[in-house]
Amino acid sequence: MGARWLPLTLLSIFCGAGCCLQITGIKAPRLVLTGERVHLSCSFRLDGDTLYSLTWWKDDKIFYRFIPKSSPPGAVFPLPGITVDERISSLHQVTLSQVDHRASGKLRCEVLGDSPNFEQDTMDSNITVIAKPESGPSLTGVQGPYTVGHLLLVNCSSPFSYPPTTLTWHINGHQVSLVK
């Protein structure tokens, strides 16, 4: 019977009495429009540990780090599409202003405990920044009038959008296949 308790005893020794620093949730919007302000938050439990740092990543690149013992505690790392509003960002909330499509991807919060254990936990969330096209599609090459059987050589283009716009062709109300 004593052997059954050995693994639990060792776990208590390694993690301390409360057992381990842990992220309990991450809040990040799944969809936002280009130019919007985004609020990110990462909730965690220290359970007797001391916080060394909280770090935000976008696709494996750091864009914000908060180290309570540093002066100043917050540090911003430039990243295309992400502008951290340093005035209102803190340990508990990071605010991004004027996001664009390049901010789309995996966001990760990482919490690291202080010495001697340096416990670590991470949690991910995905975000998509939608860039609507500024106008509708445009047709070029139209020379009409056309009759049945004539070859139609026209181009349909859409301004930039993210995710990319999907264009389909309809003639007299029927979707047509395209020759590429």
Closest heavy-atom contact between [X] and [Y]?
| X | Y | value |
| --- | --- | --- |
| Pro163 | Ile130 | CD-CG1, 4.5 Å |
| Ile23 | Asp121 | N-OD2, 2.7 Å |
| Gln120 | Glu110 | NE2-OE2, 2.7 Å |
| Lys132 | Ser161 | C-CB, 4.4 Å |
| Trp169 | Cys156 | CZ2-CB, 3.4 Å |
| Ala28 | Ser125 | CB-OG, 3.8 Å |

>> More than 12 heavy atoms of other residues, nucleotides or ligands under 6.0 Å from CD of Glu134: yes or no?
In response: no
Flag the pair [X] / [Y] as yes when at least one side-chain heavy-atom distance between them is below 4.5 Å, and no otherwise.
| X | Y | result |
| --- | --- | --- |
| Leu51 | Leu91 | yes |
| Gln93 | Thr95 | yes |
| Ser53 | Phe66 | no |
| Leu139 | Asn155 | no |
| Pro73 | Pro68 | no |
| Lys58 | Ile82 | yes |
| Leu96 | Phe63 | yes |
| Trp57 | Leu79 | no |

Say you draw a straight line from [atom1] of [X] to [atom2] of [Y]; how long is it, rounded to the nearest 0.5 Å?
| X | Y | atom1 | atom2 | result |
| --- | --- | --- | --- | --- |
| Asp49 | Phe118 | CG | CZ | 9.5 Å |
| Asn126 | Arg30 | CG | CZ | 6.5 Å |
| Cys109 | Tyr64 | SG | OH | 11.5 Å |
| Tyr162 | Thr128 | OH | OG1 | 6.5 Å |
| Leu112 | Arg65 | CG | CZ | 9.0 Å |
| His92 | Ser41 | NE2 | OG | 10.5 Å |

In this structure, would [X] and [Y] fall into the same cluster of hydrophobic residues linked by side-chain contacts under 4.5 Å?
| X | Y | value |
| --- | --- | --- |
| Leu21 | Met123 | yes |
| Leu33 | Leu31 | yes |
| Leu153 | Val176 | no |
| Phe44 | Tyr52 | no |
| Val84 | Val32 | yes |

> Salt bridge between Arg108 and Asp59, side-chain N to carboxylate O under 4.0 Å?
Replying inline: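 No.
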>> Go through it in stages, so that I can follow the logic: the residues are Ser89 and Val94, the test is side chain to side chain contact (heavy atoms under 4.5 Å, CB included), and I'd like the CA-CA distance, side-chain angles, deciding distance and then a yes or no.
In response: CA-CA 4 Å; Ser89 294; Val94 175; 4.0 Å; yes
> Side chains of Thr83 and Asp85: donor-acceptor distance under 3.5 Å anywhere?
Replying inline: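 Asp85 and Thr83 do not have a side-chain donor-acceptor pair below 3.5 Å.
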> Without hydrogens or angle criteria, can the side chains of His101 and Ser104 be said to hold a donor-acceptor pair below 3.5 Å?
Replying inline: no
>> For Ser43, is there any backbone N or O sitting under 3.5 Å from a side-chain donor or acceptor partner on Thr24?
In response: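 Present.
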> With distance as the sole test, does Asp100 use its side chain to make a donor-acceptor pair with the main-chain N or O of Arg102 at under 3.5 Å?
Replying inline: yes
>> Please evaluate residues Leu151 and Tyr146 with respect to the criterion side chain to side chain contact (heavy atoms under 4.5 Å, CB included), reporting the C-alpha separation (whole Å), side-chain torsions for both, the decisive distance (0.1 Å), and the verdict.
In response: CA-CA 8 Å; Leu151 181 62; Tyr146 295 98; over 6 Å; no
> Val148 and His150: side chain to side chain contact (heavy atoms under 4.5 Å, CB included), yes or no, with the steps?
Replying inline: CA-CA 6 Å; Val148 174; His150 279 106; over 6 Å; no
>> Is there a side chain to side chain contact (heavy atoms under 4.5 Å, CB included) between Ile26 and Asp124? Walk through the geometry before answering.
In response: CA-CA 7 Å; Ile26 184 173; Asp124 298 338; over 6 Å; no
